[in-house]
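Step one of this worksheet: look at the structure below.
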Amino acid sequence: ENLKGKLKKEIGSTNALSPFQGGTDLEKHPDLLIAENERLKQEMKSCEAELQMLKKQRVKCVDCEHIQENARLQERLAQLQLEVEEAKGRLAELDLEVQQKTNRLAEVELRLKDCLAEKAEEEERLSRRLRDSQETIAMLVLGPFLQVLKEMEQQLQNSQKTAAQLRAQVMMYESELERTHGQMLEEMQNMEDDKNRAIEEAFARAQVEMKAVHENLAGVRTNLLTLQPALRTLTNDYNSLKRQVRDFPLLLQEALRNARAEIGQAIEEVNSMNRELLRKYRRELQLRKKCHNELVRLKGNIRVFGRVRPITKEDGDGPEADNTVTFDPEDDAILHLMHKGKQVSFELDKVFSPQATQQDVFQEVQALITSCIDGYNVCIFAYGQTGAGKTYTMEGTPENPGINQRALQLLFSEVRRKASDWDYIITVSLAEIYNEALRDLLGKEPQEKLDIKLCPDGSGQLYVPGLTEFQVQSVEDINKVFEFGHMNRVTESTSLNEHSSRSHALLIVTVRGLDYSTGLRTTGKLNLVDLAGSERVGRSGAEGSRLREAQYINKSLSALGDVIYALRSRQGHVPFRNSKLTYLLQDSLSGDSKTLMMVQVSPAEKNTSETLCSLKFAERVRSIELGPVSRRAELVSWSSQEHLEVTNPSLPSCILIHTWTLTSPAL
Ligand SMILES: Nc1ncnc2c1ncn2[C@@H]1O[C@H](COP(=O)(O)OP(=O)(O)OP(=O)(O)O)[C@@H](O)[C@H]1O
């Protein structure tokens, strides 16, 4: 019944809708346009009427407002006509559109009819369905719920599907879980087994260790038993150490007291030992001196060396320059001279051949020079005819110095070597004896003649008042002194060579020393003498000043011979005063000195007779024995800080008056 009612309602509403067919804007538009067209037509009609009326009322006027308005209205009219034309066009368009719409409306009507037919069919179908639905009235009543139910069923089905899926998954998980569980159980079982095994092993190990520990314990117990006595000993030691530490300061004091006493005693012993050593040292010094004197006495305290110079250009190249001197290859003290077809042999202390160097010669004399440091008087003089090499041996050349410079250098080095124990001062004087006049080559007035005098203290020593002494410390000092001396010698002579061979040149070196430890003071004198030429000029008919020079030289050299003869024959009187030379060299020739004579000879045939004379003289001198040498020294108690004062050069060299002779009979 409801459905029937509904159907009727539907039909009613469908019928109601029919008048409103074409009620859309498009459908309404032709009507509106028609209405508009009608209105415009009406308006145009009223306008035309108004125009007619206005035409009738036309007043002829120019530029009146009506004409203006008329024109405006004309314009407006034209405009309106245009608009009408446009509206007509538009109307035609609208007509066409209406026609189209009408056609469409017809179509719509057709479709509506179709719809109605369909609707009828639908109604039929609905009726059928209604009938079918009668059986399921309840369901028709619960239609909306059924839909919900369906949806729910659908949802339920979905849920069931999901649940099934989930169940499948759960089952899968369960099986996985079960598998995992099995694995876990298996692993647990394994672990349990491992654990049991480990426990067993640990137990076994623990048992072994326990056993070892037990054994160790037993050992420790035994050790403990043995350590106990050691511990007791240690405790005792510790206690005794504690006691010792407590008593240590006392012991230390005691030990220090003892040590001090021992050190004092040791110092005392060392002191007495030192005193003893000093006493022995002094005795040794005296003994050494005694031995030295004995040696000198045995050897002879005048030593004679011979030196043969080489043949020089000055000797020429004829038979006059033939070599007449030969040497003994077995014995360096023997020399042979060919004289008038006969070979004459001479024995000296040592012979130097022409090949001997300056150093070779110095090597042999240096012992004498160093003894000067010990306080001995030493004299080295070069004897020989003019041109035989005396100056060469004593002075040498700047490139190859002789004994003079080498001796001073040696003294410097010896003094430096002994500087820790000794303080030394070395001074030099240069003097010349020419024609029996003694002159100071370092003085301000070299031409002044000097005297040799006895020291006023009554010691019997000699000195030269006014003789200049220079302190020297280096080779440079020596060279300056020599240079100065040469200058003075040149000033005095027109020909130096000529003059030098006619005069005796003396280098007097004085070495004064002080031994810090013993207070011993020493003074040694070294006389280095380059004698005048020994040739017998007087006999060869020289005259004038040359004859006078020769006479003086002969006098001084024969005085030297006389002195030597007197000494050799031990005469009570020795004629030292017969010449300035012997008088000045008295210290070096008398019994308390060491003397070296270097006899220089020429090997040339033309000089044979002079060479013979020189060598005979040398042999004669060598055979003389002087008394034992003595050392000029005195023992005074000087503090070790004290140093020697430099002798004032202006003072006379009478410092020797303070010396003592140690070679007394008591020694
Ligand atoms: N051993 C030697 N070696 C080389 N040349 C020498 C030697 N001895 C001397 N002469 C040379 O012989 C020459 C003479 O020597 P020197 O002047 O020393 O003789 P002298 O005896 O001093 O003479 P005078 O009495 O005139 O002073 C010099 O030219 C010197 O250089």
Side-chain angles (χ1 to χ4, degrees), residues 305-317 320-321 323-327 332 335 348 350-365 380-406 430-435 441 482 485-486 489-490 492-507 528-538 540 542 545-546 549-550 552-554 556-557 560 581 596-615 617-618:
F305 290 173
R307 189 177 188 188
V308 182
R309 73 155 168 81
I311 299 280
T312 61
K313 276 193 288 189
E314 284 72 32
D315 293 325
D317 47 9
E320 285 190 328
N323 183 28
T324 54
V325 180
T326 50
F327 302 90
D332 65 355
L335 171 152
L348 305 177
K350 182 153 180 82
V351 173
F352 295 101
S353 71
Q355 287 75 40
T357 62
Q358 299 283 66
Q359 181 56 33
D360 294 337
V361 175
F362 186 71
Q363 190 80 30
E364 291 297 321
V365 302
I380 299 174
F381 56 94
Y383 177 94
Q385 74 169 116
T386 297
K390 299 185 292 297
T391 310
Y392 184 84
T393 296
M394 298 311 286
E395 289 180 20
T397 58
E399 309 77 49
N400 201 3
I403 292 172
N404 290 4
Q405 200 189 92
R406 287 172 196 264
L430 273 179
E432 181 190 61
I433 300 171
Y434 177 67
N435 286 354
L441 291 179
F482 289 168
H486 268 274
R489 219 169 172 192
V490 171
E492 283 306 296
S493 164
T494 44
S495 162
L496 176 65
N497 287 340
E498 194 58 15
H499 176 84
S500 69
S501 62
R502 306 285 89 215
S503 64
H504 309 299
L506 293 100
L507 169 64
L528 300 162
V529 188
D530 184 358
L531 291 170
S534 61
E535 62 276 5
R536 292 153 297 168
V537 182
S540 57
S545 64
R546 194 69 195 274
E549 279 172 353
Y552 278 121
I553 293 166
N554 283 343
S556 61
L557 291 178
L560 184 63
L581 176 69
L596 170 73
M597 181 190 274
M598 183 69 75
V599 177
Q600 297 284 152
V601 292
S602 160
E605 165 68 41
K606 63 175 181 183
N607 296 322
T608 317
S609 60
E610 288 299 336
T611 302
L612 187 69
C613 284
S614 296
L615 290 171
F617 180 82

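First listed ligand is number 1; within each ligand, the first listed atom is number 1.
- Using a 4.0 angstrom heavy-atom cutoff, Gln385 counts as in contact with ligand 1.
- In this structure, Glu549 contributes its side chain and Arg502 its backbone to no donor-acceptor pair below 3.5 Å.
- Where the criterion is an N or O separation shorter than 3.5 Å, residue side chain and backbone included, Lys390 meets it with respect to ligand 1.
- Remark: the backbone N or O of Gly384 is not paired with any side-chain donor or acceptor of Gln600 at under 3.5 angstrom.
- Within the set Ala356, Gly389, Pro310, the minimum heavy-atom distance to atom 15 (O) of ligand 1 is found for Gly389.
- Put simply, the side chain of Arg406 gets close to the backbone of Pro401: a donor and an acceptor are under 3.5 Å apart.
- When only modelled atom types and interatomic distance are considered, Glu314 and Thr312 share a side-chain donor-acceptor pair under 3.5 Å.
- Between the side chain of Lys350 and the backbone N or O of Arg307 there is no donor-acceptor pair closer than 3.5 Å.
- When every heavy atom of Ala618 is checked against every heavy atom of Val599, the shortest pair comes out as CB-CG2, 3.2 Å.
- Near Arg309, with a cut-off below 4.0 Å to any heavy atom, the atoms of ligand 1 are 7 (C), 8 (N), 9 (C), 12 (O).
- In the vicinity of Arg307, heavy-atom distances shorter than 4.0 Å reach the ligand 1 atoms 1 (N).
- Residue contacts with ligand 1 leave out Gln358, since none of its heavy atoms falls under 4.0 Å from the ligand.
- Considering backbone and side-chain N/O of Asp530, none are found under 3.5 Å from N/O of ligand 1.
- At least one N/O-N/O distance between Ala388 and ligand 1 falls below 3.5 Å.
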